[in-house]
*Asks:* 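First, the structure itself, so that you have it in front of you.
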Amino acid sequence: MTPVPSNIANSSLPALQKAVRLLVGLMVGLFISFIFTFSSSTAADTHKSTYGYSDFYGELTPSQVYELVKNIDMLVMHYAERHHPQKVNALPTEPIQVSNYTPEQVFVALLALSDNIDRFLQANNLPLIKRIEREQRYAIPAEVYLQAGACLDSLVMTMSRIESDTSFGDFYAFKEDDKTKTPSDVYALVDLVHRKFFVLLDVG
C-alpha cells in the first residue's frame with residue numbers, strides 16, 4: 001500500500017525551520033555579546049594595569065585629566081585677556097613634544113604648577129592649594145586628577161574674588177571627546193600652563 005503523505009508533518013515543517021533559525025540567531029547573538037564583553041573587560045583590565053587603578057578613587061583615565069587641565073588653561077587665558085592683555089601675545093602657545101611619560105611625572109609637574117599658583121593665591125590673600133597624597137609610591141590618574149582639580153578650584157576661587165560679578169561655572173564643563181590621550185599629552189599641557197604662568201607672574 002502506498003503511504004499517505006502526512007499533511008500535519010508537512011504543515012509543521014515551516015514552523016520548525018523558523019524555530020531553528022530563531023535558536024541559531026539567539027546563539028550567535030549570545031556568542032557575539034560574550035566576545036564583546038570579554039574584549040571590553042580585557043581592555044579595561046589592560047588600561048588599569050597600564051596607568052594604575054584605585055579601589056578608593058575608582059578608575060580615571062589620562063583623557064579625563066587632560067580635559068580638566070584644558071579648563072585650567074582656559075581660565076589662565078581668561079585671566080590674561082582680562083587683566084594682562086599686553087602680555088597675551090608673549091604667552092607660549094605650543095606644547096612641548098614628549099613621549100612615554102607616566103602619571104607620576106604628570107603629578108610632579110602639577111605639584112610644580114601648584115607651587116606657582118600659590119604665589120598667585122598669596123598675592124590675593126587666599127589659602128594655598130591642597131596637595132594630594134599618593135596612595136602608593138607612584139601616582140595614578142585618579143590622584144593626578146584630584147591635584148589638577150585642586151589647582152582649578154583655587155584659580156576659580158581667586159578669579160571669583162577678582163571678578164565678583166562673573167560666573168566661572170563654565171570652567172567646570174567637561175567635554176571628553178577624545179579618549180586617546182596619554183600621560184605624555186597631559187604633561188605637555190600642564191607644562192604649557194606652567195610656562196604661561198611664568199610670563200603672567202613675571203617669575204622664573
Side-chain angles (χ1 to χ4, degrees), residues 54 56-96 101 103-135 139-179 181-183 185-204:
S54 167
F56 182 75
Y57 295 124
E59 183 178 6
L60 281 166
T61 67
S63 295
Q64 291 169 302
V65 180
Y66 185 88
E67 290 300 318
L68 186 54
V69 178
K70 273 177 60 177
N71 288 345
I72 296 174
D73 183 49
M74 288 189 293
L75 187 55
V76 170
M77 290 306 301
H78 171 90
Y79 171 74
E81 291 164 0
R82 290 286 189 90
H83 302 280
H84 295 284
Q86 74 282 4
K87 293 185 178 181
V88 170
N89 290 336
L91 296 178
T93 59
E94 294 296 326
I96 59 175
Y101 273 54
E104 170 66 18
Q105 289 170 295
V106 180
F107 188 77
V108 172
L110 277 169
L111 291 179
L113 177 61
S114 299
D115 291 340
N116 211 354
I117 295 176
D118 278 346
R119 302 172 68 102
F120 187 51
L121 299 175
Q122 286 176 321
N124 289 277
N125 299 313
L126 289 169
L128 305 183
I129 296 175
K130 178 182 178 181
R131 269 51 171 187
I132 304 300
E133 294 186 8
R134 303 170 181 84
E135 274 191 339
I140 58 176
E143 293 158 344
V144 179
Y145 186 90
L146 289 173
Q147 190 61 50
C151 290
L152 179 60
D153 287 343
S154 293
L155 284 173
V156 167
M157 181 172 58
T158 308
M159 291 304 301
S160 296
R161 173 173 290 189
I162 296 173
E163 300 177 18
S164 57
D165 58 341
T166 302
S167 172
F168 292 94
D170 288 345
F171 291 98
Y172 286 100
F174 201 80
K175 301 175 183 178
E176 190 188 351
D177 297 325
D178 185 356
K179 301 181 185 298
K181 297 300 182 184
T182 67
D185 298 316
V186 183
Y187 181 93
L189 187 56
V190 172
D191 174 80
L192 180 62
V193 174
H194 202 174
R195 286 184 284 131
K196 287 180 181 180
F197 248 103
F198 273 115
V199 174
L200 290 172
L201 301 181
D202 290 324
V203 296

*Asks:* Once you round to the nearest 0.5 Å, how far does CG of L152 lie from NZ of K70?
*Replies:*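 The CG atom of L152 sits 13.5 Å away from the NZ atom of K70.
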*Asks:* If you look at every heavy atom in A109 and Y187, which pair is closest and at what distance?
*Replies:*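 Smallest heavy-atom distance, with atoms named: CB-CE1, 3.6 Å.
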*Asks:* Would you find more than 12 non-hydrogen atoms of other residues, nucleotides or ligands less than 6.0 Å from K130 atom NZ?
*Replies:*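 Result for NZ/K130: open.
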*Asks:* Would you say that R134 contacts I140 through its side chain, given a criterion of any heavy-atom pair below 4.5 Å between the two side chains?
*Replies:*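 SC-SC contact between R134 and I140 ruled out.
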*Asks:* Is there a side-chain contact between V156 and M159, using heavy atoms and a 4.5 Å cut-off?
*Replies:*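 With C-beta onward as the side chain, the pair stays apart.
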*Asks:* Could you tell me which non-hydrogen atom of L113 sits nearest to which non-hydrogen atom of V190, and how far apart they are?
*Replies:*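 Closest heavy-atom pair between L113 and V190: CD2-CG1, 4.3 Å.
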*Asks:* Return the OG1 to CE distance between T93 and M77, rounded to the nearest 0.5 Å.
*Replies:*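 The distance works out to 9.0 Å.
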*Asks:* State, with a plain yes or no, whether a side-chain heavy atom of P92 is found less than 4.5 Å away from one of L192.
*Replies:*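 Yes, close enough: below the 4.5 Å cut-off.
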*Asks:* Drop me the distance from L189's CG to E67's CD, to the nearest 0.5 angstrom.
*Replies:*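 Answer rounded to 0.5 Å: 9.5 Å.
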*Asks:* Is any side-chain heavy atom of V108 closer than 4.5 Å to a side-chain heavy atom of E104?
*Replies:*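 Heavy-atom side-chain distance check passes, below 4.5 Å.
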*Asks:* Look at the aromatic rings of F197 and F120 and report parallel, tilted or perpendicular, splitting at 30° and 60°.
*Replies:*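 Because their plane-to-plane angle is over 60°, the rings of F197 and F120 count as perpendicular.
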*Asks:* Whether the side chain of Q122 engages the backbone of L128 through a donor-acceptor N/O pair (distance < 3.5 Å, no angle test) should be reported.
*Replies:*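 Flag not set: sc Q122 to bb L128 has no pair under 3.5 Å.
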*Asks:* Return the minimal non-hydrogen interatomic distance between P127 and L121, and the atom names on each side.
*Replies:*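 In this case the closest contact between P127 and L121 is O-CD1, 3.3 Å.
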*Asks:* Between K87 and L200 (side chain of the first, backbone of the second, donor and acceptor by atom type, cut-off under 3.5 Å), is there such a pair?
*Replies:*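 Confirmed, K87 side chain pairs with L200 backbone.
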*Asks:* Closer than 3.5 angstrom, by distance alone: can the side chain of N124 be matched with the main-chain N or O of T158 as a donor-acceptor pair?
*Replies:*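 Between the backbone of T158 and the side chain of N124 there is no qualifying donor-acceptor contact (under 3.5 Å).
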*Asks:* Would you name the heavy atoms of C151 and L110 that are closest together and state the gap between them?
*Replies:*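 The pair with the smallest heavy-atom distance is SG-O, 4.3 Å.
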*Asks:* Shortest non-hydrogen contact from E143 to A139?
*Replies:*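 What the structure gives for the nearest pair is OE1-CA, 3.2 Å.
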*Asks:* How far apart are the closest heavy atoms of I129 and S154, and which atoms are they?
*Replies:*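 Where I129 meets S154 most closely, the heavy atoms are CG1-OG, 3.3 Å.
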*Asks:* To the nearest 0.5 Å, tell me how far I132 CD1 sits from Y145 OH.
*Replies:*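 Spacing of CD1 (I132) from OH (Y145) equals 12.0 Å.
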*Asks:* Walk me through it: do K196 and D73 pass the test side chain to side chain contact (heavy atoms under 4.5 Å, CB included)?
*Replies:* CA-CA 9 Å; K196 287 180 181 180; D73 183 49; 2.7 Å; yes
*Asks:* How long is the span from the NE2 atom in H194 to the OG atom in S114, to the nearest 0.5 Å?
*Replies:*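 Here the rounded value is 9.0 Å.
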*Asks:* Give the C-alpha distance, both sets of side-chain angles, the deciding distance and a yes or no for side chain to side chain contact (heavy atoms under 4.5 Å, CB included) between V106 and Q147.
*Replies:* CA-CA 10 Å; V106 180; Q147 190 61 50; over 6 Å; no
*Asks:* Are the side chains of H83 and E163 in contact, using a 4.5 Å heavy-atom criterion?
*Replies:*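 Yes, their side chains come closer than 4.5 Å.
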*Asks:* I'd like to check F168 versus L155 (side-chain heavy atoms, cut-off strictly below 4.5 Å). Are they in contact?
*Replies:*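 Not touching, per the 4.5 Å side-chain cut-off.
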*Asks:* Taking 4.0 angstrom as the limit, do D115 and R131 come out as a salt bridge?
*Replies:*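 Judged by the 4.0 Å cut-off on N to carboxylate O distance, D115 and R131 do form a salt bridge.
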*Asks:* Is there a side-chain contact between T61 and V65, using heavy atoms and a 4.5 Å cut-off?
*Replies:*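 Side chain of T61 against side chain of V65, heavy atoms only: no contact under 4.5 Å found.
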*Asks:* Flag the pair T182 / Y66 as yes when at least one side-chain heavy-atom distance between them is below 4.5 Å, and no otherwise.
*Replies:*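 The answer is no; the side chains never approach within 4.5 Å.
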*Asks:* Evaluate side chain to side chain contact (heavy atoms under 4.5 Å, CB included) for R195 paired with I96, printing each intermediate quantity in order.
*Replies:* CA-CA 11 Å; R195 286 184 284 131; I96 59 175; 3.9 Å; yes
